[in-house]
Amino acid sequence: MGLVGRRRGVPGAAAVTAAAIVALMQIVLLVTPTGAQQSNGTSRVVPAEGYCSMYGICAHRSDGKVLNCANSTKAVKPDTLFSTRIQSLCPTITGDVCCSVDQFDTLHQQVQQAIPFLVGCPACLRNFLNLFCEMSCSPNQSLFVNVNSVKQVNNTTTVDGIDYYITSNYGEELYNSCKEVKFGTLNTRAMDFLGGGAKSYKEWLAFLGRQANPNEPGSPYLITYRPDLSDSPGVKPLNATVYSCGDPSLGCSCGDCPSSSVCTGSLLPQLQTESSCSVKMGSLKAKCLDFSLVVVYLVLLCAILLWGLLYRTRGRKSFPTQTKQPKNADDKLRSNNNGNVPENSSVQVSRAASSSIIQTYMSTFFRSDSVSSCIYIIFYNWCLGIVLICSKYCRKHGIFVTRHPLLVLFASLLVPILLCIGLIHFKVETRPEKLWVSPGSQTADEKQYFDSHLAPFYRIEQLVLATSASDQSKAPTIVNDNNLKLLFQIQKKIDDLRANYSGSVVSLADICLKPLSTDCATQSVLQYFQLDPKNYEDLGIDHARFCFQHYSSDVTCSSTFQSPVDPSTVLGGFPGSNFTEASAFVITYPVNNKVEKTGQENEKAMAWERAYINLVKEEILPMVLAQNLTLSFSSESSIKDELHRESTADAITIVISYIVMFAYISFTLGDRPSRFSSLFVSSKVLLGLSGVVLVMLSVLGSVGFFSAIGVKSTLIIMEVIPFLVLAVGVDNMCILVHAVKRQPDGLVLEERISNALVEVGPSITLASLAEVLAFSVSAINPMPATRIFSMFAAMAVLLDFLLQVTAFVALIVYDFRRAEDGRIDCVPCARLSSSAVAGDNDGHQGLNLVARYMKDVHGPILGYRAVKFIVIAVFVGFAFASIAMSTRLQPGLEQQIVLPRDSYLQGYFNDLEKYLKVGPPLYFVVKDFNYSSASENTNQICSINQCNSNSLLNEIARQSLSPETSYIAKPAASWLDDFLVWMSPEAFGCCRKFVSGNYCPPDDQPPCCEKDSGSCNPNGACSNCTTCFLHSDLHNGRPSTTQFKEKLPWFLDALPSSDCSKGGKGAYSTSLDLSGYENGTIQASAFRTYHTPLNKQADYVNSMRAARDFSSQMSKDLQMEVFPYSVFYIFFEQYLSVWKTAIMNICVCLGTVFIVCFVVTSSLWASTIILIVLAMIVLDLMGVMAVLGIQLNAISIVNLVMSIGIAVEFCVHITHAFMTGIGDRENRARQALSTMGASVFSGITLTKLVGVIVLRFAKSEVFVVYYFQMYLALVLIGFLHGLIFLPVVLSLCGPPEKTMKPIEQSQTPPSNGQT
């Protein structure tokens, strides 16, 4: 789902920013000895070894920054103590020096601010310090430093600009040693802070040397780094030793130095995109699967054509010996009875057909030896027994219902009515995690672990303001004065917003995320002005443009919550890194989230969110539109609220769909009388309405049953199951009524009802039982939404079937009696005169138009051999094409489809895809991290020097180098790296302690005093503070178990600042679980990075799969439990195995239908044909899904499962009619079409079609895509297969009927007699 990534708790980076720039710029100004005084204001000091260009501090600027003296003098020999101090910081400086004690103290003070950025990479740190040590204190300073500009301050000549000569090789190697060093706190490079994001050594040195304006951080004079010597005779550019970041003695980690020889290869296999096999033929390129399917199809087509030719040739040779068979079963029966259809003719036909089919089938598979004959007789008797028992039961049931309709009606209605009592416990589950996440799923467990051990991911409230492009032109930039002023107005309205919750007032400040417990972590471009309009008036819009490039290196750009604001998180629609051309503002309000146990924990935040949405709609939106801008917005609870609204948005559409189906049922069930007056008697509106009521009762009974046992309903159940059961129920109603109408008029109603049940009862039972079992078996699906749907559907279809064969049959009895008495439909107490209806009751009514078409047109056309070949070729071709297309189905469910078309979230998700440049946060969580000195876990995780080259964080950094396959955008922020750096003696401004052993904060965090001290200077520097450890106190640079345990709480409580940017408060407050850590194990610790921007559903699925594969491999290699977590994982886990789920459900349903068909029909042959046709229908439906771009998800899987149940209706009735026919395959296929084809077309196809078409006008896109499009495709595909392909297959290779001995002479079970 489109989630927006935002930095989570990164508090003190702004102070870091200030520190970096102030430090590095003031280093230059304080460290550089100033040149000699010049009479004309500028002169050239003759370069000479042992001479200085500048020496001493002689003035201050108006903003307090010190200025060096332009003083050409010989280098000075320091005393022993001063020399030792210099050696501790600048080991390359020996002998005489060109810096005073004051200059060195200033240098020492300023570089301590930069050390925490670089201490993780000793080579870079040493090279960086050498650059300033040489410039400040080198005894040969005049050889490579020249004062090119001076100015008078208080009658003193001070330095105003210098040239610093270095070789190009020195500058390049210096930059290369530092360019990849990470600043983990903000998932970025240290170069972004220390070099303004420089991409080359020239850019870096230019950044360090720029002259700062008053009250801005940086150097008080200009430093020009010059590699060019053309106009500088006598100069010897600095070319000191530069340590490579891969130097073994000062080795950096692989994350900070990927080019190191020990880091050239990852132990992990590189994540690769899936490559598919392809076949190339000239300029054409096809997938191997597609090519194979074409080849197999052509071979199969040739085989069918050859078989047809051979069959035709054989038929010609054997034709003279054949006896002409009766045209159809009816002709055969009439010829044996002098043209009269005998009573119980359908039973005789059924028995004869069943016996013939079973005998033929059995004789095909068993030989004539004694053992085989015994098996044949036993199996034959069993199969025939099932058929006869079914027929006998249907006849008895029909007679009983006809004789006792009132008893059957009330008894059958009692069961669903009693089940409806359970509706008092009816509840609807709307929580997405309860619908789409399987209980005990890996992601659900990981989310619960993350939330309980660390902290739930914060709630996101967001606004997106954007400019709109005219025609095809590029959208104009949104960064202008008017738009920023508008943004301040919006911000004020948000700040002033108050919501009411249980009588208390809730504001944003009450619920927002506050990393440092002071200010909200609002992500907005206004943070460059600290959300203060007065600052904007003073600084202007140019300051925002300045901060786009220097957000991490200028203290004036820091936010109110003391953290840099990356412009890529607050701007959108910009090309590359050109932020000034951004066409959108992205404003995010992170809000505290709580673990929900009762569902009430976040009610206060939700109350504010509702007020926030109303404010945006009513007040902010008109303001934005007045500026010709667009606005999209969202809150954390928006999706849930809109889904709830969507559940009722299409209620009218669904009701209309049901009404249309009811109207059609009433029309198709009635007769077409010859007189208009008879219409009131022959219509069956009341019968149709009664059938719809039975369908509703079955649905309510199902919901009531499961509500009574504590199973919550879902929106899918409320929307889909009524339609499904109505579609199935209408089929049975039409088939039953039409079967009764087909009976001879000379029979009494009792015989007509019983004969009709004998004729269609088995097929109705078979279809319904197959549907019930298919849905029941699908309930094994672990996904709650699919499982619950299958359970409710199975119960509803079962109840509907029971009501159809009991209550509805009783209603048919009453309706036919009403018609026989000439009573008016819907007003049975009124009766028409006998003369008005006499004309329509005389004789048997002829076939209707559809039935005549099936008998006289459709059937004969399909009988042509060429037509059969074309039908087989086309349908098999579509099946093969659908196999190829189904492989292109994409998993996922677009948010826009699920929501109402008029939802405000539609524009929001579109804007996220269009403008968003940041992916969702990604956390790698390590369980049970053993930090004891005896364990290797620390080096297996960290990424600073002395860490394992294949450590977790180093491997994450490697994966971030190939984001197109790993979907990891940046190296991970590591509390462990920062903690180890914070403890390091080199970072002497970080981990400090008083003499008493208590924690001593950095000097720039007053007041500096112990807790129990008497007096405290609020502005004074800390005295009597020393670093926590000496090098000798650590073992290979790593703390002992006790040291780790004691100092970790100090680190997590330390505020980041200029003197120490590595403080962990805010940045890592929720990154590890300290409960029980005293025993040497940290239960949970998280390392944050970001996914690349994810714009498609496939991106979300693939990113999750890549993260899981990576974590699984790391867990295996490091023997530690590592898992990835992102806030969207819980909703996308289903798509990792959606194909497996779909195939499993389809196969189980098809297998269940096959078994049911075999048991009921006792024909393996017929069951196999039904199975093949159903499989082709499902394949074709999946192919249509791929063509229409319908994604594979829980909804489409439910529809595919349902399609099998509905497709059974198209196949079973035709197949059953074929099996009960008499004659050769051709005649039986035509008979099946003439008897059941009309019912299938009018009772199944058209009924569903009229109901589906109404869904096209639904307001929700999910109805149009997943119900209208899929159902329409299902109805059309099922109709084509059931009435075209299946009859052709049956006529060619259906269960055969051969000339055999009469049933009376064969070994058959005793006759069950007449009822």
Side-chain angles (χ1 to χ4, degrees), residues 303-304 307-308 310-312 314-315 322 325-330 332 349-365 380 383-384 387 759-760 762-763 766-767 854-855 858-865 867-873 875-876 879 1153-1154 1157-1158 1160-1177 1207-1237 1240 1278 1280-1300:
I304 294 174
W307 173 78
L310 293 176
Y311 186 84
R312 184 178 181 182
R314 186 180 64 178
Q322 292 180 349
Q325 297 292 328
K327 196 171 185 180
N328 53 42
D330 292 338
K332 186 172 182 178
V349 170
S350 176
R351 287 179 183 170
S354 301
S355 302
S356 178
I357 292 169
I358 295 170
Q359 288 174 339
T360 302
Y361 164 70
M362 296 302 301
S363 63
T364 304
F365 286 93
Y380 167 78
C383 295
L384 183 58
V387 175
E759 178 185 344
V760 300
S763 63
L766 172 59
M854 290 292 174
K855 180 179 179 181
H858 191 77
I861 290 177
L862 294 182
Y864 291 107
R865 198 163 297 277
V867 173
K868 292 180 180 182
F869 176 78
I870 293 173
V871 168
I872 295 295
F875 278 82
V876 173
V1153 171
F1154 173 78
C1157 290
F1158 177 67
V1160 175
T1161 64
S1162 303
S1163 173
L1164 182 63
W1165 197 319
S1167 302
T1168 302
I1169 291 176
I1170 292 176
L1171 176 66
I1172 293 173
V1173 175
L1174 290 179
M1176 291 177 66
I1177 292 175
V1208 169
E1209 302 277 346
F1210 290 99
C1211 302
V1212 167
H1213 300 296
I1214 296 292
T1215 305
H1216 180 262
F1218 176 86
M1219 294 177 65
T1220 57
I1222 295 177
D1224 60 13
R1225 293 188 181 98
E1226 187 68 37
N1227 286 331
R1228 285 185 289 137
R1230 293 188 182 184
Q1231 179 190 357
L1233 282 174
S1234 62
T1235 56
M1236 291 303 300
V1240 170
L1280 293 174
H1281 280 78
L1283 294 182
I1284 298 179
F1285 179 71
L1286 180 60
V1288 170
V1289 172
L1290 291 174
S1291 68
L1292 292 175
C1293 55
E1297 195 271 338
K1298 296 182 179 180
T1299 303
M1300 301 184 63

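One finds the CD atom of Glu1226 at 3.5 Å from the NZ atom of Lys868 (value rounded to the nearest 0.5 Å). With rounding to the nearest 0.5 Å, the separation of CZ in Phe1218 from OG1 in Thr1235 is 12.0 Å. Taken from CD1 in Ile1169 to CZ in Phe1154, the straight-line distance is 11.0 Å, to the nearest 0.5 Å. Atom CZ of residue Arg1230 and atom NE2 of residue His858 lie 11.5 Å apart, to the nearest 0.5 angstrom. Rounding to the nearest 0.5 Å places CD1 of Ile304 at 9.0 Å from CG of Leu1292.
In plain terms, the two heavy atoms of Ala767 and Val1208 that are nearest each other are CA-CG1, 3.6 Å. Summarising the geometry of Ala1217 relative to Met1236, their closest heavy-atom pair is CB-CG, 3.5 Å, with the distance given to 0.1 Å. Counting all heavy atoms, side chain and backbone alike, Met854 lies closest to Ser1234 at CB-CA, 4.3 Å. Minimum heavy-atom separation, Cys1211 to Ile1177: SG-CD1, 4.2 Å. Residue Arg1225 comes nearest to Cys1293 through the heavy atom pair NE-C, 3.9 Å, listed as atom of the first residue, atom of the second, then distance.
Partners of Ala1166 according to the side chain to side chain contact (heavy atoms under 4.5 Å, CB included) rule, which considers only residues two or more places apart in sequence or in another chain, are Ser1163, Thr1215, Met1219, Pro1295.
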What side-chain donor-acceptor pairs closer than 3.5 Å can you find for residues 1280-1290, not counting sequence neighbours?
unit_1: His1281; atom_1: ND1; unit_2: Ile1277; atom_2: O; d: 2.9
unit_1: His1281; atom_1: NE2; unit_2: Asp1180; atom_2: OD2; d: 3.3

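Between Asn1227 and Gln1231, the closest side-chain pair of non-hydrogen atoms is not below 4.5 Å. Between Pro762 and Thr1220, every side-chain heavy-atom pair lies at or beyond the 4.5 Å cut-off.
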Check your understanding: Going through the checks in order, is the side-chain contact (heavy atoms from CB on, under 4.5 Å) test met by Cys1157 and Leu1171?
Key -> CA-CA 9 Å; Cys1157 290; Leu1171 176 66; over 6 Å; no

